[in-house]
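Being a predicted model, the structure only gives us computed values, none of them experimental.
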Amino acid sequence: MSSMAMMSAFVRWGIGATLLGGALGACSSESSDPNADGNGSGVGAGGPVFDDGSGVGEGSVPGYFDGQACAGQSAGAEAAPSVLQLLVDTSGSMDEDAPGARGSKWTVTRRAVLGAINGMPADTSLGVIFYPNRDNNNDDDNDEECIDRQTAVPINALDDPGSQHRQRIQQAFQRQNPQGGTPTHDAYQYAVSDMSATAAIGPRFMVLITDGIPTFSLGCDDSNRQEQNDAVDPTPLIAEAATTLTRGVRTFVIGSPGSEDARESLSRMAEAGGTATPQCSHDGPNFCHFDMTRSTDLEAGLESTLGIIAGVALGCRYGVPQAPLGAMLDPGKVNVLFTPPGGAQELIGQSLEPGCSEGWAYSDDQSQIQLCSATCERVQGSDGSLTLQFGCATELR
C-alpha cells in the first residue's frame with residue numbers, strides 16, 4: 001500500500017495521533033471530536049486526527065521540503081500520562097544542615113519535591129518510597145526488614161489539586177523523620193517491584209534522591225562493613241539499574257551533599273539506568289548523574305534539577321500512530337510542525353545527535369518522537385500548536 005493510500009485509510013477510519021508523555025503545565029485538550037480540524041488547538045491538543053489530504057495545511061511552510069509540494073497528512077497530538085516512582089533517602093544524615101538554606105537537607109528536599117509534584121499534570125501516575133524508615137543501626141532491628149513498606153505511597157494518578165492521592169503524598173512527606181543507614185539496593189528493588197505491579201499507562205521513570213553511599217547490601221546485609229558508616233559494594237545496584245532499563249524503566253539519580261564518596265557509583269548507576277547527562281564522565285567534574293555535592297544553594301539546585309527531570313519524563317514525548325492492519329507507516333516520512341501563537345508554521349527538523357538540544361529524535365523503537373531539550377522548553381513555554389505530518393520525506397536539521 002502506498003503512503004498516500006495508507007494515510008487515506010487513516011482518515012477514513014478516524015485513527016488519531018497520541019502524545020505519549022504530558023508536559024508540566026500544558027497538555028490535554030478539552031475536545032476529543034474526531035472530526036475537528038487536524039491542526040489541534042494547542043500543544044498536546046487532542047482532537048483530530050488527520051486532515052483532508054490537501055497538503056501541509058493552511059499555507060505552505062517557507063522552505064518546507066525544499067519548496068516542493070507534498071500531499072502529506074497531518075495529525076493533532078494528544079497528551080498521555082507518564083509513570084514516576086520517587087525513591088527518597090531519609091537516612092540520618094539527611095537531618096544535617098543544607099547548604100545555602102535554613103533547615104536540614106531533609107526539609108529542603110521535602111519542599112523541593114512537593115513543589116515539583118504540585119506542578120505535575122493530573123494524569124501523571126506517581127508513587128513515593130522513603131528509605132530506610134527504620135533505625136537499622138539498632139541491634140534490635142537487625143533481624144527485621146530495613147524497609148518499612150507501610151510508609152510508601154503506592155503509584156496512582158495524581159488527579160486534580162486537592163485530590164486524595166496528592167493529600168496522601170503530602171502527609172507521607174510530613175511524617176518522615178530522618179534516621180538510620182542507607183539500604184539503597186533493598187529500597188530500589190522494592191521500588192522496581194512496585195513499578196512492575198502497577199497497571200498505570202505511559203513511559204516509566206525512577207527518580208532516586210540520596211545523600212550518601214549505600215551502607216547495606218541487598219537483604220539489609222551489613223556483615224561486610226568494618227565500621228558503621230562504611231560503604232558496601234555498589235556494583236550489584238548498578239547492575240540492577242541496567243536490568244531495570246531493559247524492562248522499560250529509566251532511572252534518574254540525584255546525589256545530594258554528603259554523597260561525595262558515592263559520585264562515581266551514582267554516575268555509573270545513572271548511565272546504566274539510561275539517563276546519563278551529555279558528555280559526562282565518571283571521573284567528573286561533569287558526572288553522569290545530577291551531582292549536587294558542590295551546590296551552594298541546595299533548594300534552588302534541587303528545584304532546577306527536578307524541573308529538568310520533569311521535562312524529560314513528563315513532556316514533549318509524542319506517539320507515532322499505528323498504521324491500519326496490513327499497512328506500514330514509513331518512519332522516514334514523518335515530520336513535526338510547530339505553529340507559535342500568531343506566528344507562521346515552522347518545520348522542526350530531526351536531529352541525529354545523542355542528547356540533542358534542538359529538533360526532535362526518535363525513541364529506540366521509533367514508536368515515539370521526543371523533542372530535544374531546548375526545543376521542548378520553547379514549545380512547552382508557548383500556547384502554540386504542534387502537528388505531526390506524515391507521507392513526506394523526513395527533514396533533518
Side-chain angles (χ1 to χ4, degrees), residues 1-21 37-40 42-45 47-78 80 315-340 343-379 382 384-397:
M1 181 182 290
S2 68
S3 295
M4 281 308 302
M6 179 267 292
M7 295 312 300
S8 296
F10 271 44
V11 175
R12 184 170 64 252
W13 296 341
I15 298 175
T18 302
L19 188 77
L20 295 184
D37 179 6
N39 288 331
V43 176
V49 212
F50 296 92
D51 66 15
D52 59 7
S54 60
V56 172
E58 297 182 3
S60 298
V61 179
Y64 193 40
F65 304 122
D66 296 326
Q68 297 185 7
C70 176
Q73 301 288 332
S74 299
E78 180 181 356
C316 301
R317 193 176 294 271
Y318 298 74
V320 177
Q322 297 277 331
L325 185 64
M328 292 183 64
L329 192 152
D330 186 350
K333 293 184 178 180
V334 176
N335 285 279
V336 179
L337 303 174
F338 173 58
T339 306
Q345 193 176 58
E346 63 182 82
L347 171 71
I348 298 176
Q350 182 186 9
S351 174
L352 302 180
E353 299 178 4
C356 60
S357 175
E358 298 285 352
W360 64 270
Y362 274 121
S363 61
D364 291 341
D365 61 0
Q366 296 187 325
S367 66
Q368 298 178 26
I369 284 172
Q370 170 72 52
L371 297 186
C372 303
S373 57
T375 302
C376 176
E377 291 180 11
R378 181 163 63 93
V379 170
S382 78
S385 63
L386 202 68
T387 305
L388 304 183
Q389 205 270 1
F390 304 88
C392 302
T394 300
E395 289 286 302
L396 301 179
R397 280 190 48 80

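- Atom CD of Glu353 is surrounded by 12 or fewer heavy atoms from other residues, nucleotides or ligands within 6.0 Å.
- The backbone N or O of Gly359 lies less than 3.5 Å from a partner atom in the side chain of Thr375, making a donor-acceptor pair.
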* From CA spacing to verdict: side chain to side chain contact (heavy atoms under 4.5 Å, CB included), Leu337, Leu347 -> CA-CA 5 Å; Leu337 303 174; Leu347 171 71; 3.9 Å; yes
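- The CD atom of Gln345 sits 10.5 Å away from atom CZ of Phe338, with the distance rounded to the nearest 0.5 Å.
- Taking CG of Leu371 as the reference point, atom OG of Ser351 lies at 11.5 Å (rounded to 0.5 Å).
- At least one donor-acceptor pair under 3.5 Å links the side chain of Thr394 to the backbone N or O of Val334.
- Contact detail for Cys372 and Glu358: the closest heavy-atom pair is SG-O, 3.4 Å.
- Within the 4.5 Å cutoff, no side-chain heavy atoms of Arg378 are placed close to those of Pro340.
- Under a 3.5 Å cut-off, the side chain of Asp330 and the backbone N or O of Gly391 do not form any donor-acceptor pair.
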* Asked: Given Thr339 and Thr387, is the side chain to side chain contact (heavy atoms under 4.5 Å, CB included) satisfied, shown in steps?
  -> CA-CA 8 Å; Thr339 306; Thr387 305; 5.6 Å; no
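- One distance of note links CD of Glu395 with CD1 of Ile348; it measures 13.0 Å at 0.5 Å rounding.
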